[in-house]
**Q** 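The structure under discussion is supplied below as structure tokens; questions concerning it will follow.
Proteins get letters first, then strands, A, B, ... in listed order; numbering begins at 1 in each. Only heavy atoms go into these numbers, but all of them, side chains included; no hydrogens, no water, no symmetry mates.
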Protein chains: 2
Amino acid sequence: MVYRDSSGRTLADYPRPSVAVDTAVLTVTPDGVLAVVLVRSGDPAGWRVPGTFLHPGERLADAVRRSLAQKAGITGLEPAQLHVFDAPERDDRGWVLSVAHLATVRYEELRLDAGIARLEDISAVGELRYDHSAIIEFAVAELRARYASAPDPAGLLPEPFTILELRRLHEAVAGEWLQRDTFRRAMLPGLVATGELQRGQRGKPAELFRRT
Amino acid sequence: MVYRDSSGRTLADYPRPSVAVDTAVLTVTPDGVLAVVLVRSGDPAGWRVPGTFLHPGERLADAVRRSLAQKAGITGLEPAQLHVFDAPERDDRGWVLSVAHLATVRYEELRLDAGIARLEDISAVGELRYDHSAIIEFAVAELRARYASAPDPAGLLPEPFTILELRRLHEAVAGEWLQRDTFRRAMLPGLVATGELQRGQRGKPAELFRRT
DNA sequence: CTAATAGTGTCTATCAGACACTATTAG
DNA sequence: CTAATAGTGTCTGATAGACACTATTAG
């Protein structure tokens with residue numbers, strides 16, 4: 001059975017684009033900097049966010065995981081779709097649609113292959129090939145939106161943690177200073193106290209929390 | 001010049017999916033019902049949201065406009081991307097990715113070809129083929145988010161309009177009753193008064209406004 | 001006049017920002 | 001003890017919900 005559309009064409013009559021996934025992998029470094037993983041593409045040379053072409057029958061999220069496992073040694077991610085970049089001339093290798101994704105990873109889990117992959121401060125990313133600067137902007141906006149109302153929704157902070165550690169993380173994501181008391185009150189409903197205290201610091205010891 | 005990826009494959013080595021666009025066209029009827037345009041697909045039979053396959057070199061938004069001009073007589077839209085549906089088995093005609101879109105249109109501008117296109121109340125849409133029920137859910141959620149904070153961002157209401165007319169529209173989109181005085185105060189910053197009054201109704205005549 | 005609808009004053013509850021105070025530790 | 005940090009009480013200003021009041025029209 002061959003299906004035809006309203007013009008009488010079958011599915012095979014439609015030339016098809018290549019479909020790629022490109023992923024902004026975001027993390028926060030121990031010194032509180034929001035950073036993105038860049039890889040050096042073989043040819044043409046230049047830094048870009050990791051990506052790959054979709055394999056036959058593959059899910060987009062699986063293609064993202066495959067490319068990240070291969071290029072940044074990262075597994076177990078839950079990528080989120082951001083946007084389809086579809087400018088016909090965006091890739092000089094031909095007609096390529098790119099589905100941009102966001103992934104987040106703990107800094108400690110990153111295994112970057114020095115020389116082909118590096119971490120770049122989000123505020124220092126220059127112009128990249130293709131639409132990769134725009135992909136990063138979409139990703140940062142999405143991450144900031146998620147972190148605006150909930151404590152560490154991406155799970156970047158190992159549990160348990162103090163509210164100071166949580167606030168440092170949120171400040172890194174937001175890119176701005178956050179008020180101490182307001183932040184605490186806003187996040188408490190999404191936290192559960194462990195009853196344990198962090199010791200060994202100056203001052204009153206902070207209570208340790210987990211996400212609800 | 002032939003580019004190769006990290007596995008040595010060229011672009012031509014990758015089998016490619018068909019890429020479709022499917023669009024939830026939303027409108028509000030004169031009696032205040034949020035409704036979606038459904039079309040009857042030729043084969044296999046069944047109601048669905050209008051869509052088409054992407055033509056070579058075509059932008060996604062242009063494919064949406066082409067399909068809507070053809071199937072619902074609608075022009076001049078600004079479709080918004082929602083999500084890519086990528087389940088490999090979602091379409092029994094083969095490997096088809098669908099980029100879901102949202103478009104809005106004034107009820108008065110709809111020219112539906114009776115017999116192959118109809119309007120369906122959003123709260124009465126049953127299960128549709130492919131992912132089309134999910135597409136409608138994405139579209140309604142997006143439209144509601146947009147209407148939550150700004151007066152008629154999609155321009156569904158002909159200007160000038162009274163605040164009562166605006167509130168009826170927002171209630172149709174939100175699917176719930178909205179408070180009269182709070183709604184007025186929330187929307188006024190996004191409106192400009194014309195100084196003209198609506199006449200011919202019972203009661204105190206309402207002022208007419210435009211969007212800023 | 002009455003009925004109906006538009007528009008507004010105002011009270012209350014809630015919440016963010018701001019500030020200062022108390023609590024508890026290290027050294 | 002002092003210095004430092006955690007945690008909290010509270011004041012203020014802004015805002016949503018709620019209610020009632022005034023304003024202006026049709027009939």
Side-chain angles (χ1 to χ4, degrees), chain A residues 28 30-32 144-153 157-212, chain B residues 28 30-32 144-153 157-212:
Chain A
V28 172
D31 45 323
R144 285 181 175 163
R146 292 186 188 178
Y147 270 72
S149 55
D152 190 20
L157 205 57
E159 296 179 317
F161 48 77
T162 68
I163 290 184
L164 175 61
E165 291 165 342
L166 182 67
R167 181 159 52 89
R168 294 274 175 262
L169 171 68
H170 278 248
E171 287 175 343
V173 170
E176 63 184 18
W177 176 86
L178 298 175
Q179 189 160 300
R180 190 172 67 100
D181 42 8
T182 301
F183 178 82
R184 179 187 181 88
R185 283 185 254 245
M187 292 298 150
L188 270 181
L191 299 174
V192 282
T194 63
E196 299 165 35
L197 300 180
Q198 182 191 54
R199 311 311 288 251
Q201 310 291 331
R202 292 294 299 272
K204 177 173 174 176
E207 187 161 14
L208 292 164
F209 293 84
R210 300 178 188 277
R211 286 176 292 275
T212 48
Chain B
V28 172
D31 43 327
R144 286 182 175 163
R146 293 186 189 179
Y147 271 71
S149 56
D152 190 20
L157 205 57
E159 295 179 317
F161 48 78
T162 68
I163 290 185
L164 174 61
E165 292 164 343
L166 182 67
R167 181 159 53 88
R168 293 276 175 261
L169 171 67
H170 278 247
E171 287 175 342
V173 170
E176 62 184 20
W177 175 86
L178 298 175
Q179 188 160 299
R180 189 172 66 101
D181 41 9
T182 301
F183 179 81
R184 179 188 181 88
R185 283 185 255 244
M187 293 297 150
L188 271 181
L191 298 174
V192 282
T194 64
E196 299 165 34
L197 300 179
Q198 182 192 54
R199 310 313 287 251
Q201 310 292 332
R202 291 291 301 272
K204 178 174 173 177
E207 186 160 16
L208 293 163
F209 293 84
R210 299 177 189 277
R211 286 176 293 275
T212 47

**Q** Strictly below 4.0 Å: does A/Arg185 bring a side-chain N or O up to OP1 or OP2 of C/dC15?
**A**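 It does not, given that no N or O in the side chain of A/Arg185 lies less than 4.0 Å from OP1 or OP2 of C/dC15.
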
**Q** Strictly by Watson-Crick or wobble contacts shorter than 3.5 Å, is anything paired with C/dA18, and which nucleotide is it?
**A**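 Paired with C/dA18, as far as the under-3.5 Å criterion goes, is D/dT10.
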
**Q** May I ask you to decide if A/Ala148's main-chain N or O and A/His170's side chain share a donor-acceptor pair within less than 3.5 Å?
**A**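 Not confirmed, A/His170 side chain does not pair with A/Ala148 backbone.
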
**Q** Starting from C1' on D/dG17, measure out to CZ on B/Phe183 and report it in whole angstrom.
**A**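 Rounded to whole Å, this separation is 15 Å.
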
**Q** Are any side-chain N or O atoms of A/Gln198 and backbone N or O atoms of A/Glu207, one a donor and one an acceptor, separated by less than 3.5 Å?
**A**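 No.
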
**Q** Give a yes or no answer on whether the side chain of A/Arg211 reaches the backbone of A/Gly190 with a donor-acceptor pair at less than 3.5 Å.
**A**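 Such a contact is absent between A/Arg211 side chain and A/Gly190 backbone.
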
**Q** C/dA16 P sits how many Å from A/Met187 CE, rounded?
**A**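 After rounding, the reported distance stands at 10 Å.
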
**Q** Sort out the partner of D/dA23 for me: Watson-Crick or G-U wobble, both distances under 3.5 Å, none otherwise.
**A**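 Partner of D/dA23: C/dT5.
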
**Q** Out of C/dA18, D/dA18, C/dT24, which nucleotide sits closest to the side chain of B/Gln179?
**A**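 Output: D/dA18.
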
**Q** Categorize A/Ile163 for me: base, sugar-phosphate, or nothing, with a 4.0 angstrom heavy-atom threshold over every strand shown.
**A**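 Nothing, no nucleic acid heavy atom in range.
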
**Q** Taking CZ from B/Phe209 and P from C/dA6, how many angstroms apart are they, rounded to a whole number?
**A**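 Answer to the nearest Å: 11 Å.
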
**Q** Tell me which nucleotide among D/dG17, C/dA6, D/dG27 gets nearest to the side chain of B/Lys204.
**A**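 Closest of the options to the side chain of B/Lys204: C/dA6.
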
**Q** Quick one: on DNA chain C, does A/Pro205 or A/Ala186 contact a more 5' nucleotide (nearest heavy atom)?
**A**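 Looking at the nearest nucleotide for each, A/Ala186 comes out on the 5' side.
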
**Q** Counting side-chain heavy atoms from CB outward, which of C/dT25, C/dG7, D/dG7 is closest to B/Glu207?
**A**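 Nucleotide nearest to B/Glu207's side chain: C/dG7.
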
**Q** Rounded to whole angstrom units, what separation is found between the CG atom of B/Asp181 and the P atom of C/dT8?
**A**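 Spelled out: CG on B/Asp181 to P on C/dT8 is 11 Å.
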
**Q** Whole-Å distance between D/dA4 C1' and A/Arg180 CZ?
**A**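 For the pair A/Arg180 CZ and D/dA4 C1', the rounded distance is 11 Å.
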
**Q** Could you check how far CG of A/Leu188 sits from C1' of C/dC15, rounded to whole Å?
**A**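 Taking atom C1' of C/dC15 as the reference, CG of A/Leu188 is at 15 Å.
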
**Q** To the nearest Å, how far apart are B/Leu208 CG and C/dA6 P?
**A**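 Taking CG of B/Leu208 and P of C/dA6, I get 12 Å after rounding.
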
**Q** Under 4.0 Å between any heavy atoms, over every strand shown, what does A/Leu197 touch: base, sugar-phosphate, or nothing? Just pick one.
**A**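 The answer is nothing, as A/Leu197 stays clear of every strand by at least 4.0 Å.
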
**Q** Measure the distance from CZ on A/Arg184 to P on C/dA18 and round it to the nearest whole Å.
**A**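 After rounding, the gap between these two atoms is 19 Å.
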
**Q** So, taking the atom named CD1 in A/Ile163 and the one named CZ in A/Arg168, what distance separates them when rounded to the nearest 0.5 Å?
**A**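 These two atoms lie 13.0 Å from each other.
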
**Q** Donor-acceptor pair, A/Glu176 side chain versus A/Glu171 backbone, under 3.5 Å?
**A**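 Answer holds: no.
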
**Q** So, does the side chain of A/Arg202 form a donor-acceptor pair with the base of C/dG27 at under 3.5 Å?
**A**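 In this structure, the two groups form no donor-acceptor pair.
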
